[in-house]
Amino acid sequence: MEMVPSEENQLVLKEGMFWSCRQSIFDEMKKRFSQVENAAEEPRVLCIVQDTTNAKTVNERLTLNLPASTTLSKLFEDVAHKAGYVNGTFDLAWRKTGDMGPLDPSSEMSLTESGFEPGKRNFLQLSDKDGEQPQIASDESGTAGSSGLDDRQERFIGPLPRDCTVGCSSDYSSPSYSYSSILNKSDTGYVGLVNQAMTCYLNSLLQTLFMTPEFRNALYNWEFEESEEDPVTSIPYQLQRLFLLLQTSKKRAIETTDVTRSFGWDSSEAWQQHDVQELCRVMFDALEQKWKQTEQQQFSPLTADLINQLYQGKLKDYVRCLECGYESWRIDTYLDIPLVIRPFGASQAYGSVEEALQAFVQPETLDGANQYFCERCKKKCDARKGLRFLHFPYLLTLQLKRFDFDYTTMHRIKLNDRMSFPEELDMGPFIDVEDEKSPQTESCTDSGAENEGSCHSDQMSNDFSADDGVDEGICLDSASSTERVLKPKSSLTFELFSVMVHSGSAAGGHYYACIKSFSDGQWYSFNDQHVSKITQEDIRKTYGGSSGSRGYYSSAFASSTNAYMLIYRLKDPSRNAKYLDCDDFPEHIKHLVQREKESEEQEKRQREIERNTCKIKLFCMHPVKMMAMMENKLEVHKDKTLREATEMAYKLMELDGVVPLDCCRLVKYDEFHEYLERSYEGEDDTPMGLLLGGVKSSYMFDLLLETRRPEQVFQPYKPGEVMVKVHVVDLKTDTVAPPVSIRAYLNQSITEFKQLIAQATELSAETMRVVLERCYNDLRLLYVPNKTLKAEGFFRSNKVFVESSESPDHQVTFTDSLLWKLLDRHGNTIRLFVSLPVQSPGTNRTICQKVGGDPEECSEGSKGNRNSVETILEESTEKLKNLSLQQGSSTSDSQKSSDTSDFEHIESPSPSQEPDSSSVSAVVAVDNRELENRIRVASGGSGGGTYSDPETQFPGEERSDSEVNNDRSTSSVDSDILSSSHSSDTLCNADSGPIQLANGLDSHSITSSRRSKANEGKKETWDTAEEDSGTDSEYDENGKSKAESYYLYFRAEPYAQEDGSGEGGQKCVLVHVDKRITLSAFKQNLEPFVGVTSTQFKVFRVYANNQEFESVRLNETLSSFSDDNKITIRLGRALKKGEYRVKVYQLLVNDAEPCKFLVDTVFAKGMTVKQSKEELMPQLKDQCKLDLNIDKFRLRKKTWKNPGTVFLDYHVYEEDINISSNWEVFLEVLDGPEKMKSMSQLAVLTRRWTPAQMKLEPFQEVVLESSSVEELKEKLSEISGVPLENLEFAKGRGTFPCDISVLEIHQDLDWNPKVSTLNVWPLYICDDGAVVFYRDSTEEPMEQSEDERNELMKRESSRLLKTGHRVSYSPRKEKALKIYLDGGPVKDPGQD
């Protein structure tokens, strides 16, 4: 670019060059803006990447929003840049591990071509490549990223970030846990343990035992004899296997389920958190008992007594008289030393383990009231009591007692105070060095096992059996007893190698272990499946405490992560063992290693197969098995061809010998829409992975194994086609034929579509009317010739009805046409199974069927034509059986039943129509009409039904639905919405033989299968019991039936149950009915079959669990019912208008169960309370043996279990008292005349508390004229004799009878509230039935001993538990930790 000097001798651009440069800049900017604009228009792919290569990053997510055209190689670059890794050192795979292999980092395919979905979240996981962790990219300073990673891992110490509440949390159970994170071994060389749920305490102990050379080596030397014991229940064997896997496995972490199974635990135990020290004791005891049961002691002499030789020490518990020097003592054994963190009542904690040990052996002086009775002095003397260590174990276990009980708050607490511990601990100063040679000293016999756990009551924990010959040291070689001698004090130096850390509170938390390897001296953090290096600084962080002073409340603000158990090992080079190498394993261990290696390799191969296996749903319309749609899962390797997959599906569906293999093919299928998407012509050799779009966890489509007959040809299915089920409608016979499946294109016009239907159905396209059912009962006539199917609303799967005839119905508006009415009835008719009641023997009731006109009395002259309903049903059943036999002989490959659909031969309401006699199935319709006509004749023609005893009461009134579910109700709107959710497809069931199509599916194949499947899996919980605030009448004000306003379809026919005729000869009818019919009309249509009028029977709906709920809303329709619902008819008077079913309970205020059910009765609107009492008295006498005078009992409101308002005799229901369906009331028997005379009075239930006797007196009712507190006190003083100035009262809490423990009532209730009226806070006593406790304020509680208090506590706990009240002082029950030696707990058969 040419430059020229300016006047200031500065170089400037020439003018032309300036504009040229400016233009080039604008062009470049325009190009950039264009690229940005195009990128904005391009779809984006959201990628969410989980990094599973590192314990610190397993819960982190990387989010990338990339253009859909981004290549896979560019995706790897972007992920590497964002994660800080070197590209090519990691793998990316789909989140669902095992379903698909890693993505190709060198592929130039775009994200959409690789299976990524724009606009959705695509989950990936970043994992190790070839078992090695990714390399960290170098930063600007040039430091290697790998060192940064090592430092990050070395500095990491648990617990890991995790979403937890109370209890031990686990990555294994968290949503972010990925199985791939445990496939590759940690770079530390150590293997972690998977947390089953809350088994972190177990993992910490197992890792500590594994890292103990002496324990591990001794366990390896023990040989399992399979002939003696089941390996599944052998605890030592399962520990042996676990240790081998920890030493030899290549996984990052392994499961502990085999070990816990040998403990006899089930899956629920994994959700119980326990104390690690408690587990240590219980597991050691179990191991000892297991080893003592074996016969291998001659093979491994140390095994049977391994625990004692490694962990058991001895101490002396002594008392020495300070006057004569006489000493009484005993020898106790211990497995661990419990060290107090903070002495009881002290404000400061011990600062170190050494201080706590010194306090442990510090003697106390027994003087004053605690003097010791000396056997030598024969009197009480001052004495010194304490503990002395005699022997220390080879492995010294110290338990820091961080869990305590706060007697102020009465809760368990955790002490987080700081307590330091040395890496090397000299126990020499704590050994017994006092002069024991005094002639006045006498020794007791070693207590041994008899004094197990008899150490210091506050500090010593429970011990195992003692062994006098055990010294503090142990040599695991076959050393003689003479070599095991006491070491001088200078040799009692122990080195720390395990710190078990607890993080959390006394309510729950998380355990992990910090363990030093004896191989390299390096400390490691074993935090469940994560193992990482740590430093001495990390160990010091587990001391606990805070930087502040060690005040009493300092631990509340300290870190909750601190050491809980410490394990030291005696330093002695001649005795300290090393870990056994694989080459030094015993032979039986080498064989076990080989078996485990083969098992792991097999698991790896199986996992690799799983990663490359496509798993997809497979369907098949089996030509033999009831023509039902069968479902299975096809698992095929992605490299298998379509031909091989077809063979596998052929065998899976058991078609061998039924259909030739060459008559089968796999097609793409959409089960939800019942749509055949496409077929795979010419792709028999294509791999399934390519056809299915790769290995995925789930597919948006399914596969269908299609069959054909040998003479047929498969129809090709092309993408873009839609499936249409065509039902042919015949207006002459009022029938709707089963569907015929055809395929069409969305861009076809209605005219072309009609031609297509004409070819499939042989109907005339000129006169054809096509009706599309877009959704449930939404019918649309397709009349615009040039309109496309897409414009008309066609989708993947559609249903149409076609009719082609010369009838004048074409000229009528569609909604007024016969076609619309027929289809409307078709879509709203349901099939119900109705069980009829068993008539009493000898009963022959007259029944009348309404046909039309006003009700009339049945004609006397028609008696000769009357037959019983039972006779008609029996004759009809026999005729239907004969017809079914004729159909079975004349029609092949079809199945007939008496419960076939009512839509193919729906009868018209007009009795003048005659069926086609040439059709066999039409005979069924003729017979059904004949049946109805015979019933009409038997009913006496057109007359209405009357009875000589219309008000007859039937015994055994059944429970209504609302009696069981008082709070459940479904509005009519909800019922309509819910009932419309099932498709009208389910209403079609072919009566004639299935039409075999070329695709191997019969004419109603998919529809029938969907119907049966929907009925099988349907849960009828949404259709709640019908409640009513007043039952509707079946008749209007003029007495005319409301059902006669318009006709709705109803047809009934006999039905034989599969298990016979029903219990006790009960008969059933199969009813086809328009679900828009009201319950009232439905009952009237059932009158001829029940044999009584609709007012004398009740309708119960039967649910899936065989529960029966009464339907009582007469004006509601059957819209909540669906196909194949069951109904039971029971005799009994149905409710009339204004009547309510009422449950009556007896109120027994001083009984243990104050609420007792008496009877069911009926109250009516306008009835007075006195009239209802008069109605009740005979029922109470007959059913409950209660002979009551009307003035000796009252009725009162019942709210749950609480007594409420007292009803006065002159109160009127629905005017003074609100009443509802399935109402409940209390009946209370009075001791004297009724005191309640007015609504202004207030009835209060009072109860006296007598602290001197620690008991509650019975209830007494007090009737107040006002809400004055002063009046209440005066009444209470009058009935109790307590002076008014000493009387205190409190309102009861909770539901009646407001039970409370006598141990709590004196302090817990709000005694003597400062109010003047009862209807204000905190009393709010505004209605009858409130509970008031009162007492004498001068009466002191009874003094009790500890035993008496405990006994009273037990009685109160038992009493309150029986009444269902919570005992607040009862401690939280925790499940005991147990290990079962026999493989599991013995379950009480009575528990079930």
Please check this pair: side chain of [X] against backbone of [Y], looking for a donor-acceptor N/O pair closer than 3.5 Å.
| X | Y | answer |
| --- | --- | --- |
| T1246 | Q1260 | yes |
| Q272 | E269 | no |
| Q1241 | K1237 | yes |
| R1141 | V1162 | no |
| D275 | Q277 | yes |
| T1250 | K1255 | yes |

[X] and [Y]: side chain donor to acceptor below 3.5 Å:
| X | Y | answer |
| --- | --- | --- |
| N1312 | K1273 | yes |
| E1228 | Q1146 | no |
| E1271 | S1266 | yes |
| D1336 | T1338 | yes |
| S1240 | S1238 | yes |
| T1205 | D1328 | no |
| K414 | N562 | yes |

So, taking the atom named [atom1] in [X] and the one named [atom2] in [Y], what distance separates them when rounded to the nearest 0.5 Å?
| X | Y | atom1 | atom2 | value |
| --- | --- | --- | --- | --- |
| R412 | F403 | CZ | CZ | 6.5 Å |
| F1289 | S1277 | CZ | OG | 13.5 Å |
| M1177 | L1186 | CE | CG | 11.0 Å |
| Q399 | L339 | CD | CG | 8.5 Å |
| K401 | Y564 | NZ | OH | 9.0 Å |
| F1207 | D1216 | CZ | CG | 10.5 Å |

Test: [X] cationic atom under 6.0 Å from [Y] six-membered ring centre, within 45° of axis:
| X | Y | answer |
| --- | --- | --- |
| R1247 | F1259 | yes |
| K1291 | F1333 | no |
| R1335 | W1311 | yes |
| K1170 | Y1210 | no |
| K1198 | F1226 | yes |

Determine whether [X] and [Y] make a side-chain contact, defined as any pair of heavy atoms from C-beta on separated by less than 4.5 Å.
| X | Y | value |
| --- | --- | --- |
| V1263 | E1261 | yes |
| M1342 | Q1253 | no |
| L1245 | V1332 | no |
| S503 | Y511 | no |
| L1318 | S1268 | no |
| T1161 | K1143 | no |
| L1287 | S1280 | yes |
| L1303 | R1349 | yes |

Inset, instruction - Assess whether side chain to side chain contact (heavy atoms under 4.5 Å, CB included) is satisfied between V1142 and V1225, documenting all intermediate values. - result: CA-CA 7 Å; V1142 179; V1225 295; 4.0 Å; yes
Inset, instruction - Step by step, work out the side chain to side chain contact (heavy atoms under 4.5 Å, CB included) result for H1211 and T1168. - result: CA-CA 6 Å; H1211 284 165; T1168 64; over 6 Å; no
With a 6.0 Å cut-off (strictly less than), is the heavy-atom count around [atom1] of [X], excluding the residue itself, greater than 12?
| X | atom1 | result |
| --- | --- | --- |
| K1173 | NZ | yes |
| M1239 | CE | no |
| E1343 | CD | no |

Legend entry - Residue among H1306, E1288, E1339 satisfying side-chain hydrogen bond (donor to acceptor under 3.5 Å, both in side chains) with W1249: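 Answer after filtering H1306, E1288, E1339: H1306.
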Legend entry - Audit row: E1234, K1192, side chain to side chain contact (heavy atoms under 4.5 Å, CB included) steps and yes/no: CA-CA 8 Å; E1234 176 65 80; K1192 293 298 183 182; over 6 Å; no
Legend entry - Trace of the salt bridge (Lys or Arg N to Asp or Glu O under 4.0 Å) decision for D417 with R342: CA-CA 8 Å; D417 301 85; R342 185 196 302 168; 3.0 Å; yes
Legend entry - E1356 and R1359: CA distance, side-chain angles, deciding distance, salt bridge (Lys or Arg N to Asp or Glu O under 4.0 Å) verdict: CA-CA 5 Å; E1356 284 295 285; R1359 178 179 70 87; 2.8 Å; yes
Closest non-hydrogen atom pair between [X] and [Y], with its separation:
| X | Y | result |
| --- | --- | --- |
| C200 | G509 | SG-O, 4.5 Å |
| A1243 | M1236 | CB-SD, 3.9 Å |
| K1197 | T1199 | CE-OG1, 3.5 Å |
| V1320 | T1317 | CG2-O, 3.4 Å |
| E1175 | P1178 | O-CD, 3.4 Å |
| S560 | N416 | CA-OD1, 3.6 Å |

Legend entry - side chain to side chain contact (heavy atoms under 4.5 Å, CB included) between V1315 and W1321, intermediate numbers included: CA-CA 8 Å; V1315 292; W1321 184 87; over 6 Å; no
Legend entry - Candidate pair S1345 and D1347, rule side chain to side chain donor-acceptor pair (under 3.5 Å), full reasoning: CA-CA 5 Å; S1345 65; D1347 291 341; 5.3 Å; no
Inset, instruction - Determine the sole option in L1256, I1279, V1282 for which the side chain to side chain contact (heavy atoms under 4.5 Å, CB included) test with R1248 is passed. - result: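 So the option named by the test is V1282.
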Legend entry - Ring-ring centroid check Y201 H510, cutoff 6.0 Å: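 Judged by ring-centre distance (under 6.0 Å), Y201 and H510 do not meet the cut-off.
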Inset, instruction - Examine Y1140 together with F1163 and report whether their ring centres are nearer than 6.0 Å. - result: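 No: the rings miss the under 6.0 Å criterion.
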Inset, instruction - Identify whether the distance between the nearest side-chain nitrogen and carboxylate oxygen of E1215 and K1165 falls below 4.0 Å. - result: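 Salt bridge absent between E1215 and K1165.
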